[in-house]
Every structure is written in structure tokens, then in C-alpha cells.
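First the structure, in the form of C-alpha cells, and then the observations on it.
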Protein chains: 2
Amino acid sequence: MDSRYLRAFVAVAEHGGISAAAQALGYAQSSVSAQLKRLEADLGVSVLVRAGTGTVLTEAGGRLLPYAREALELEERMRRTARGDRPRLRIGTQESLAHVWLPEVLAALEYGAGGADTGPDAGADVVLTVASRSTLERAFGAGELDLVFEYDNGLRSVRPHAVVGHDRTFLVASPSHPLARQETVTPEQLLAHEFLVAEPGCTSEMLVDRFGADLLAGAQQTLLQGSVAALLRLLGHGHGITLLPELTVARELREGELVALPLTEPLRPVSIVAQWHPRLGAAEHTVRTLLDLARRADPLPEVTRTARAS
Amino acid sequence: MDSRYLRAFVAVAEHGGISAAAQALGYAQSSVSAQLKRLEADLGVSVLVRAGTGTVLTEAGGRLLPYAREALELEERMRRTARGDRPRLRIGTQESLAHVWLPEVLAALEYGAGGADTGPDAGADVVLTVASRSTLERAFGAGELDLVFEYDNGLRSVRPHAVVGHDRTFLVASPSHPLARQETVTPEQLLAHEFLVAEPGCTSEMLVDRFGADLLAGAQQTLLQGSVAALLRLLGHGHGITLLPELTVARELREGELVALPLTEPLRPVSIVAQWHPRLGAAEHTVRTLLDLARRADPLPEVTRTARAS
DNA sequence: GTGTTGCCATCGCACTTTCCGATGGGGCTA
DNA sequence: TAGCCCCATCGGAAAGTGCGATGGCAACAC
């Protein structure tokens, strides 16, 4: 069994067709077609249904796909290990966490690795990818990321592997914003103003959870994907209001550049969660260290959160 | 990367040479030599040192070996899963456990699988291998076994994955044996008689642990490997004494065919332990069920053992 | 020292695999 | 019906993969 066949199969499954897969892999279409034919002959089952438009996996193909991905992952790890390269840890996270929290954690990791144990197992090469939640989920599922840090507002069904921190969310705006001068802010008043949204879905989800679907249906939302810094600057100019975790806006709140809107009730607490694949190989030790450091960097430790809640 | 290269590499590592590996794999020596050359070119490191006599792994080769084994294992599981075959669970155990205890556990597994959930994940095909401890260890290490049940006398350094049962050991002999007629038996008296040994190392280990190395040095030992039944029959004819777990000789003791020698102090308790590879794939569910059943079939549950000990 | 033995690398040769571009069938859409 | 996209298949070039034969090297026996 040649891993090229598996690579071809995974590419076809991901791109939805042989031609697209061939282009992605740098082969001629006929070559990928032949590779799949050989794969099927080798396995003894057909893994694809060739439709007029594209291809779909058979039941056997669906069973094969996760194994094929795992085999390719394993081959990659095997190569690195045999060469004696440092293990590689591909971390993914959303911008709001990459903005303030994660750099602290990673810095602590580098410091720790450079200090006491600079042996052969000193640590892993870290590759950090910042992207939207949906992109992270896709990349994690496709095996392109080993470890993902995300905010979890408790409204999604996916179970996190571990909770590593806690935080709260605020509705924030510039001190010059009309709502900032009020004693209290009601949901109806919020609606009259523009929302800046950093991550599609997330903000709406929490606002709907807090105020109900009807109220939010008509609110004007502006999406500013990919740069929390840009969003904060826009906000600083008195433009719109936004929903962000305390972690992200702590400095701005402290220095008075932004203010939290005086809502009658606090918003839902959120947690920082980590997800990883069970098979990390040599990078496992680094992940454990990293999770420990992350828990130590918890911006709002569980005890504090519980105390404030009670 | 072709898995044939990995198979060749593992074979060379196991057989200690290219020629032997080629013979084992059914290739010409020159072919295996070329395969390894390609493997090394592919990885970018040399994995073997070609000595005048045989070959030895380089450091990189040592790192590669477990990955190569794992990759071959994974390919095997991938094939089975893609074809829709039932997962396969290769169990290994020693004869003393295969004699009485394990069949009960496996029977319960089959019964349970055939009963309630006869769905697509009904269970795994079980392949049972009975062998000596050393053979089991080798086969487990080489990835030829998924799950191993063994007696653990607590005198070895290997840590078991799970303890699934407890038992005691007895020195037993035929009622017609000279020692069986005595009120008490001392270590010195034991020495004057022949020992039948079912498993090399194990019996001696426990006797040395109990009575000291000096005493046992001169004892006559007859090895009867591979058949507890034959050993018991020989014992039944008044021939020698042996050390066996209660489980194995319970029926014979109950029916008076054999008697436990009246030692002044009880022998060391032993446990039944299980070891398995962390990556079982679809057979994982079956292993969990099996371990549950094994614990339920504990011949001497922990509470009983503790009560008797106190 | 010399011959023998066993191990591995290399070479030449035959066969197979693997890739490509070109061609053609089949379904979808305009 | 024409155009388009998708995939299978074909022929030929190139690379890979197998075998047996040969030779170098180290260890061992005498």
C-alpha cells in the first residue's frame, strides 16, 4: 500500500472530485483516477461512486477516510521522528484569544523549555494559526491542527476536551457613545445601534441567548473578521458597540478607552477550551505543559468566577 | 512511502539481518537491500549500520521502529475497516489462565454479543493464542497481540495496564505424596522432592521470594511447558509437587485428587493483569466489555482477599 | 597466512508500475 | 442540441521493482 493512494483518496474526498483533487495534488486527472482504481483494487472494495458531476464516498469510503487521514498523519510523524526533528505542534485559535491571552501562554512555554530541561526532548516547534471558528473546526477535523484553543459560550453541542480558563463577556463601546452616558441600558435601546461583530455567529448566539431571538432580528450588524485590533480602533472612534470577552478589552476598559455598557444583568460567562487529537506522538509532553500553563494563565479562575456568581 | 519498505525494515530489525529478513518475507536478498536503500533515501537518514556480520539499527532506526510497527498495524486495521470486516481482537494468555478462567470470560463475551446488540458493532472476532510468558511479551511487543492476560506475582518491574482479578498460589501434590501426609511442611523438606514447573522462571521466582535463594538452588526441577493438563495428570500419579494458582487446581483440590501442602505460612497472593495497546480502533469496545467481564469473573475478589489477609 | 563461510552492495536485465497527454462517453445546463 | 464539466481509458515514456549473479568485506577455522 502506497501512501500516495491515501493522499489521493483524501484529496478527492475533500475536493469532491477527481479533477479538483488532481489539480490540488499536482497530478494529471488520469493519474489520480488510476491511483484510486489501484486503491480500490488493493482494498477489495469500491470507495467512490463516480457520478456525472463529481464523486461521492461509498459507505466503505466513509469508513476509510478517518483511517486514511490517520495513516498520513502517522507517516508525517514517523518522518519527523526518524530524522530527529523536534516534534511539531500545530496550534489553532481565534483572534480574540490570539490577541492577548495565548501569547502569554506560549511565551511561558518557550521560557520553560529554554530553562531547565534543554535535553533532546526539550519541546516542540510551535506553529500558530489564527482563524475563524469555522475554519479552525474544518482544519482540526482534517488533521491540519493538533491543538485548538477557543472560547466556548456553552451554547454549542461539541464537547471540549478540556476547560483551561474562564472569562466573562461585556457589551463595550466608546465613552463617547450615546449608550455609554446612560444609567442603565435596555435591550430595546441596544437595537437602535450598530453592532460590530468579530466572529460570525458567536455574538448573535450570545445576544439571542440573553435577549431572545425576536429582539435581535432587526439589529444592524457589521462584520469585522480577522482583526480584533481594527475592531477596537473602530470602536474607539465611537463607532458601534460590540460584545467581547473581558480578556480582550481589559486594557481598554482599565484605561478608559472603552466602557462596559451598564446592562441590568451580567452576560453569560464563557470558558476557554482546548481540543486536541488523542494521538500526538512526541508532542504530547508539550501539550500537557501547555495546558498546565494555560490553566495557570486563567484570566478569571474558577474560584473567582464562582464567588462572583454567588 | 510504500508500506513494503516498512515491512522490510521491521523484518530486518527483527531478524537481525537483510538476508534473514528477505527469506522471511519471500524476497531475494538484493530486493530487500534495495527496499532499505529506498527507505533511507525517502526518510533522508540511514536507519541501519551494515556490519560485516548482520546489521544493527542506527539511532534513527531505533526511533523509526515503533512508528513503522504502528503504521503497519494501522494499515491492517484500515483494510479490515474499509472492507467492513468485524474488528479482530488477538488475545494472548498463559496456559494456567487459558485452562480454567479465560474460557469463562470469553464465553460470557460471546453470549453478551449474541444477545442484546447484534448490530453492526456487535463485537470482534477473537483470536486466542496460548503461549509462555516470554513468548507473549515478545509477540505483544511486536504488535502481534492486542490484549494479554497474565498472572502477576508482583515481583516484576513491568507495570500492568489493569488488574482484573486476584488469586492465591498453593504448593500442591497428590494425596499419596509423602509430604501430603505430614502435619506441617518446612522449606527443607520441600527441597528433597522433585518440582514440576509449568512456566520457566515464574515458580522459581515465587519460591525464592518465599524461602530465599539459597534453599532453592539445589532443588530438582522438571519443566512441563505448554500443558497444565499433563502436569496435573503427572502430579495425580504422585509424581512431584508444584506451585499453581488456586484457580487452576480448584476442582482437583475440591475433589480430593490433589491436596495443598500444609505450609506454615500462606504463599504470596497473585493478581491477574491485562495489558493492551492504546490504539485498538474498532475493537476498543470489545476490550472494555471483556475487561468488565473479567473483573466480574475475578476468582478471589479484592474484598475476599483483604478479609482473608487480615 | 590461507581458505571458508556468511553478510551485504551492486550490476544487468526483465517486467511492472506510474505518470502524462489525448481521446471519448455520459450527465447536467442553457 | 450544443456546450461544459467530470471521469474512464488508451498508448507511450519514464521510473520503479523484482531477480540472479558477482564481488568486497569481516569473522572464523586451520
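All chains are named by letter (A, B, ...) in the order of the sequence lines, taking the proteins before the strands, and each is independently numbered beginning at 1.
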I need the [atom1]-[atom2] distance between [X] and [N], as an integer number of Å.
{"X": "B:L36", "N": "C:dA9", "atom1": "CG", "atom2": "P", "result": "8 Å"}
{"X": "B:I18", "N": "D:dA26", "atom1": "CD1", "atom2": "P", "result": "16 Å"}
{"X": "A:M1", "N": "D:dG16", "atom1": "CE", "atom2": "C1'", "result": "18 Å"}
{"X": "B:L48", "N": "C:dC7", "atom1": "CG", "atom2": "P", "result": "15 Å"}
{"X": "B:R50", "N": "D:dG24", "atom1": "CZ", "atom2": "C1'", "result": "15 Å"}

Quick one: does any side-chain atom of [X] pair with a main-chain N or O of [Y] as donor and acceptor, under 3.5 Å?
{"X": "A:T81", "Y": "B:R63", "result": "no"}
{"X": "B:R88", "Y": "B:D125", "result": "no"}
{"X": "B:E40", "Y": "B:L48", "result": "yes"}

Determine: side-chain N/O of B:K37 to OP1/OP2 of C:dC8, distance under 4.0 Å, yes or no. no
Would you say a side-chain N or O of B:S33 is under 4.0 Å from OP1 or OP2 of C:dC8? no
Could you check whether A:R7 and A:S3, counting side-chain N and O atoms only, form a donor-acceptor pair closer than 3.5 Å? yes
With salt bridge (Lys or Arg N to Asp or Glu O under 4.0 Å) as the criterion, how do B:R69 and B:E14 come out once you've worked through the C-alpha distance, each side chain's angles and the decisive distance to 0.1 Å? CA-CA 11 Å; B:R69 286 204 170 112; B:E14 283 177 353; 3.0 Å; yes
Give the B/S/- string for nucleotides 12-30 of chain C, one per nucleotide from 5' to 3', where a protein heavy atom under 4.0 Å of the base yields B, of only the sugar-phosphate yields S, and otherwise -. ------SSBBB--------
Let me see the working for A:E76 and A:E73 under side-chain contact (heavy atoms from CB on, under 4.5 Å), right down to the final yes or no. CA-CA 5 Å; A:E76 184 60 28; A:E73 280 282 313; 5.7 Å; no
